[in-house]
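Below is one structure, written out as structure tokens; the observations come after it.
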2 protein chains.
Amino acid sequence: MATIKDVAKLAGVAVSTASYALNGTKKISDSTKQKVITAAKELNYQKNGYAMDLKMNKTKIIALILSDLIGPFYSELIQGVQEVVMEHGYDLIVCSSYGDESSTAAKFLREKRADGVILFAHNIETQLIQDSVRKGFPIVVLDRDLSDYEDIISVNVNNEHGSYIAAKYLIDQGSKNIAFVSGPKKSIDSQLRLEGFKRALKEHNLPYYSKWNINGKFTKDGGYQATKMLIHQGQLPDAVFYANDEMAIGGIEALKENHIDIPNQVSVIGFDDIQLAPYIQPPLTTVKQPKYEMGKLSSHLIFQVLEGEDVQNFYSLETEMIIRDSVQRSF
Amino acid sequence: MATIKDVAKLAGVAVSTASYALNGTKKISDSTKQKVITAAKELNYQKNGYAMDLKMNKTKIIALILSDLIGPFYSELIQGVQEVVMEHGYDLIVCSSYGDESSTAAKFLREKRADGVILFAHNIETQLIQDSVRKGFPIVVLDRDLSDYEDIISVNVNNEHGSYIAAKYLIDQGSKNIAFVSGPKKSIDSQLRLEGFKRALKEHNLPYYSKWNINGKFTKDGGYQATKMLIHQGQLPDAVFYANDEMAIGGIEALKENHIDIPNQVSVIGFDDIQLAPYIQPPLTTVKQPKYEMGKLSSHLIFQVLEGEDVQNFYSLETEMIIRDSVQRSF
DNA sequence: CTGTTAGCGCCTTCAC
DNA sequence: GTGAAGGCGCTAACAG
């Protein structure tokens, strides 16, 4: 591969001249400029990205790190981020945190392979995030509250409250025996949703049975398996609250297989409001997370930091109840 | 940010010693190793990724470039790629080609910011791809046949044939007046699907009317708009073939809004078999692309090239008809 | 086993 | 307007 040196040599000028000509950094006589450009074309010269990054100490890349590239949850988030990133003339890359400490995510964070990072990956340890903090390297976390660390910006959704509202809705519609299918133990989001659920139960003097709290994996299959367990336990609840929509969809499948009518025998409620939610049968009642707004806000914050502005390091966003047909209505 | 120099100084050793100790490249006495590691920890040293890339001239990153990060089409493809990439201890990043020549995609390709690239982005010009070819830099394209260029590997789906099969199915079920909603003009996939459609028509002595070929944008909204136009034209076809599922979903919405019964009044068929397809009402009959296999194959090829093996530069994958309920059956 | 040193490819300051 | 030279942070000969 041709380097700028080769170009300069072929054009018969010095390296710096070639650099100026190619980048338009400085006025260069038109004739020399032409010579350089012709030489570059002839050699099919392409600048080496790594070298420039090293020299400039910046990439103009923002990295969005997700625990799962393939989940349907993220598309709106990505869209929000992408719009802002592009407006600023930066590039966006998305990578997965699959593999925990040895993941792509860890590499990008630790080795600062982007100018800023937005993180939505429950499997990344807080310690790793802290270790990656550097001056002028904005990090936004979406799935936990790290506002104790002033160099990390936390943008959170009020999971506890959203979950409380959902549980309250279930209770208001007449449910008394509600099962809760959690996500991964490590997920703070899932923990907070369970807490909101418990609070609603308590406030309405309804007992919480731990046998009705099953763990899933935030995937369709996780919800399916958890629901099967629930069914095999014998006594059916009159409602199931899934900590995310994907699990709810898997759950609905399991329920249908066992000829359990939704919502007449069992009400189902989810969390997230993914794009699929309105399409399944029955259309899923759920709690909408402001995913697009999260994306926009997070990336705005990144650029504010990059431009040297002071920003708060904690933001909280509210959820919204989306009522469809998977919960039996009492009126 | 601390550099390896700082670490070496604090530990009282030479830079190379620090490097060896940190990377385990060479046997270093345990005591020095400890000193170095302690120093690194104390300074919170993190290696600079750019510098290493430059030095090593490799990143251990494979880039997957998609025209649209947020479409539902890609998840299986991503999964296939991710599995193989991880098996090889490489990292995967996904980026968008939105913005054409000035996109992230172009940057990664031209500046070789990854060790290999898989490309599924109709808006990237072939010229750009060619310009980016370098020795030992594998590029796999999924959306066009570039087998004329020996340094580029083409993995294609047999779009023409898949489309032919789908059109034939429609005809066999009794459809005579079939509208075809294309994707973007630039998309070769879309063009080939149109060709297959035309061939089926011709073979069955059915006329092709260009007024019944409408252009969409491969998005739900594109399908919705195209279908509205179709409806406003007055005469309704008895089947609509959408060049992808997303458009079919938008189309079904438009049809429903106009109280047109699917499949009794109008049959609908899509292409791709995205995850949503079985969930919509009626479940969508479509042509399945082997997306997961494409991902696996592409990434395998990348690593074969990286390991210096010779590989063919053209592969063709077959599609499969998925029959659900959006096409009226004649028996 | 450890230290010195030469680049990787690029940009940019400083003389001319 | 142009050229020589330094250095970004790292690794890996090579010499001790």
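Below, chain A is the first sequence line, B the second, and so on; all start at residue 1. Basis for what follows: all heavy atoms, side chains included, without hydrogens, waters or symmetry-related copies. All values derive from a computational prediction rather than experimental measurement.
Residue B:K58 contributes atom NZ, which lies 18 Å from atom P of C:dC8 at whole-angstrom precision. Atom-to-atom, CZ of B:R134 to P of C:dC8 comes out at 16 Å; the value is rounded to the nearest Å. As a whole-Å value, the separation of A:K5 NZ from C:dC11 P is 14 Å. Atom CE of B:M1 is separated from atom C1' of D:dC8 by 15 Å (rounded to the nearest Å). One atom, NZ of B:K33, and another, P of C:dT2, lie 11 Å apart when rounded to the nearest Å. Between A:M56 atom CE and C:dG9 atom P there is a gap of 17 Å when expressed in whole angstrom units. Distance B:Y50 OH to D:dC8 C1': 11 Å, rounded to the nearest Å. Straight-line distance from the CG atom of B:D6 to the P atom of D:dC8: 11 Å, rounded to whole Å.
The side chain of B:T3 approaches D:dG9 more closely than any other nucleotide in the set D:dG9, C:dT5, D:dG1. Among the nucleotides D:dA12, D:dC10, C:dT12, the one closest to the side chain of B:Y45 is D:dC10. Closest contact between the side chain of B:L54 and the listed nucleotides C:dC14, D:dG1, C:dG9 involves C:dG9. In this structure, of C:dT4, C:dC10, C:dC14, it is C:dT4 that holds the atom nearest to the side chain of B:A14. Of the candidate nucleotides C:dG3, D:dC10, C:dC11, D:dC10 has the atom nearest to the side chain of B:K47. Taking only side-chain atoms of B:K55, from C-beta outward, the nucleotide of D:dG1, C:dC11, C:dG7 with the closest atom is C:dG7. The side chain of B:N48 lies closest to D:dC10, out of D:dG3, D:dT11, D:dC10.
The aromatic rings of A:F303 and A:H88 sit parallel, their planes meeting at an angle under 30°, below the 60° perpendicular limit.
B:V13 comes within contact range of the sugar-phosphate backbone alone, with a heavy-atom separation under 4.0 Å but no base atom that close. No engagement by B:D53 is indicated, since no non-hydrogen atom pair under 4.0 Å with the nucleic acid exists.
No hydrogens or angles were tested; on distance alone, nothing pairs the side chain of A:S29 with the base of D:dG1 as donor and acceptor under 3.5 Å. Residue B:S16 places a side-chain atom within donor-acceptor reach of the base of C:dT4, judged by atom type and a 3.5 Å distance cut-off alone. A donor N or O paired with an acceptor N or O is found under 3.5 Å between the base of D:dT2 and the side-chain atoms of A:K26.
For B:N123 and B:S97, the side-chain atoms include at least one donor-acceptor pair closer than 3.5 Å. Inspection of the B:Y98 and A:Q82 side chains reveals no N or O donor paired with an N or O acceptor under 3.5 Å.
Of the listed residues (A:V117, A:L306, A:V94), just one forms a side chain to side chain contact (heavy atoms under 4.5 Å, CB included) with A:I62, and that residue is A:L306.
Side-chain contact between A:I129 and A:Y149: absent, with no pair of heavy atoms (C-beta onward) separated by less than 4.5 Å. Looking at B:K107 and A:K60, their side chains come closer than 4.5 Å, going by heavy atoms from C-beta outward.
Summary of the strand contacts: A:I28 and B:I4 both lie near DNA chain D, and taking for each the nucleotide with the nearest heavy atom, the more 5' one is attributed to A:I28. Nearest-nucleotide positions on DNA chain C for B:T17 and B:N57 put B:T17 closer to the 5' end.
Between A:S19 and C:dC11, a side-chain N or O to OP1/OP2 separation shorter than 4.0 Å is present. Between B:T25 and D:dT11, a side-chain N or O to OP1/OP2 separation shorter than 4.0 Å is absent.
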